[in-house]
Amino acid sequence: MKNWREVESKIKNSKHAVILSHRSPDGDSVGSSLALYHFLKNYISHVQVITPDPAPKFLSCLNGFDAIANYQENETLVNQELQKADLICCLDFNTPSRMGELEKAFQLNQDAYVINIDHHQDPDDFADFQLSETSASSTCQLIFDFIVGLNGRDKISVALGEAMYTGIVTDTGSFRFSSTSKHTHNVVAELIEVGINPGKIHENIYNNFSIDRLKLLGFALDQRFNVYEKYKAAIIYLSEQDLNQFNFQKGDTEGLVNYPLSVANIMMSILITEKDGKVKMSFRSKGDFRVNELSAKYFSGGGHFNAAGGISDVGVLETVKKLEGIFPEYENELNA
Ligand code: 5GP
Ligand code: MN
């Protein structure tokens, strides 16, 4: 349902808004949260951005980052915020379960007006106002459309634009992925006109590695990289012990899954990482191979055609074995 007049009135009458993102927040979820935060601050006295678990440090240059509360470390505050909220904005996810534990606190408030802005497939019908477009490069791009829909273009500040650009650039792999459209570039052109400095943002996001992170990348590609030429597939797998060896910080494996796709003829890349005993999977593909289907079928996951995530209920090496057993089922599709 999309009633622009209603959503405009709810925003203008709101006193307490919260913005929620999915587990393991990324550039697009944090970027869209902070972009919407800056926009809503024009109308609402109290706006709180909440993430289920801490946001990665590589985003810490964004204006508003320090005011983000995360449920994992501040459950009491987050519960209070959600109880008081009259407006709840759910960004960059298509179903409340993507918030993990935070979903419970969200469901307790049945009175707030709920907005959902997202670009994942098959959205659940859980919001009063839903702006869901699977063809959009990023949720940040949809935040732009949302602001325009509310006639709020003049509220796009540099701080807002920097957050928005961050989500666009990270979710499009720096404008490489096929989700990048003319509209994506038009939005960015407008942000540059407002005064954002793309070079500075790239510098903050991509040229901000620790030495350990770069060494982890080297180790992963040298020691934990399996190629399956028959299936045009590759796996990178990192145990908790591997990560600890490189003093792992949240965000250090960001982008790692894309490296195998830079090899000609590799159509699918899978990253397996273990943190706090949990095994997380990232899937990427080129062309028509739908990683979200594979991930949904075998790893309780989902996402987009070419970028998906999931979880594995067995250890890292067992997950590698499980995948090796799954590849033959997809041999024809991967070689199409
Ligand atoms: P990433 O590999 O960067 O964690 O996630 C890639 C894409 O898949 C993102 O769009 C993300 O929202 C989605 N995704 C990641 N993990 C999960 C998951 O556990 N379940 C579902 N349904 N989607 C996921
Ligand atoms: Mn996204």
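Atoms within a ligand are numbered from 1 in the order they appear, just like the ligands themselves. It should be emphasised that the depicted structure is a prediction, and the values quoted were computed from it without experimental measurement. Values below: all heavy atoms of this structure, side chains included; hydrogens, waters and symmetry mates excluded.
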Measuring from the heavy atoms of S24, does anything fall under 4.0 Å of ligand 1?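 The answer is no, since S24 has no heavy atom less than 4.0 Å from ligand 1.
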May I ask you to identify the nearest protein heavy atom to [atom], giving residue, atom name and distance to one decimal place in Å?
atom                    : answer
atom 16 (N) of ligand 1 : G309 CA, 3.4 Å
atom 9 (C) of ligand 1  : H120 NE2, 3.8 Å
atom 21 (C) of ligand 1 : G302 N, 3.3 Å
atom 6 (C) of ligand 1  : R284 NH1, 3.5 Å

With [atom] as the reference point, say which of [options] has the nearest heavy atom.
atom                    : options             : result
atom 11 (C) of ligand 1 : R98, R23, H22, H304 : R98
atom 20 (N) of ligand 1 : S29, G301, S138     : G301
atom 1 (P) of ligand 1  : S295, S282, A307    : S282

Salt-bridge contact E162-K200 (side-chain N to carboxylate O under 4.0 Å):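 Looking at K200 together with E162, the answer is yes, because their closest N to O distance falls below 4.0 Å.
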Is any side-chain N of the basic residue among D53 and K250 closer than 4.0 Å to the acidic one's carboxylate O?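 Between K250 and D53 there is a salt bridge, with a charged N closer than 4.0 Å to a carboxylate O.
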Applying side chain to side chain contact (heavy atoms under 4.5 Å, CB included) between T166 and each of I196, D28, I201, V30, report the one that passes.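 Going through the options one by one, the only one that passes is I201.
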Could you check L317, L323, V257 and say which one makes a side chain to side chain contact (heavy atoms under 4.5 Å, CB included) with I272?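 Of the listed residues L317, L323, V257, the side chain to side chain contact (heavy atoms under 4.5 Å, CB included) partner of I272 is L323.
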Between the Mn ion (ligand 2) and [X], is there an N, O or S atom separated by less than 2.8 Å?
X    : answer
D118 : no
D28  : yes
H119 : yes

What atoms of ligand 1 come closer than 4.0 angstrom to any heavy atom of G303?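 This gives 8 (O), 13 (C), 23 (N) as the contact atoms.
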Enumerated ligand 1 atoms positioned under 4.0 Å from heavy atoms of K280: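 Answer for ligand 1: 4 (O), 16 (N).
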Between K41 (side chain only) and S45 (backbone N and O only), is there a donor and an acceptor less than 3.5 Å apart?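 Checking the backbone N and O of S45 against the side chain of K41, a donor-acceptor pair under 3.5 Å is found.
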Determine whether a donor-acceptor pair (N or O, by modelled atom type, separation under 3.5 Å) exists between the side chain of K12 and the backbone of Y43.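 Not at all, since once roles are kept as given, no pair shorter than 3.5 Å links the two residues.
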What class does the angle between the rings of F129 and W4 fall in, given that below 30° is parallel, 30 to 60° is tilted and above 60° is perpendicular?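 Answer is perpendicular, since the angle exceeds 60°.
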In degrees, rounded to 10 degrees, what angle do D92 atom OD1 and D171 atom OD2 make at the Mn ion (ligand 2)?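 The angle at the Mn ion (ligand 2) comes to 170°, rounded to the nearest 10°.
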Do we see a donor-acceptor contact under 3.5 Å between the side chains of S295 and N292?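 There is no such pair (donor and acceptor under 3.5 Å, judged by atom type) between the side chains of S295 and N292.
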Is a side-chain donor-acceptor pair under 3.5 Å present for H119 with N94?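 There is no such pair between these side chains.
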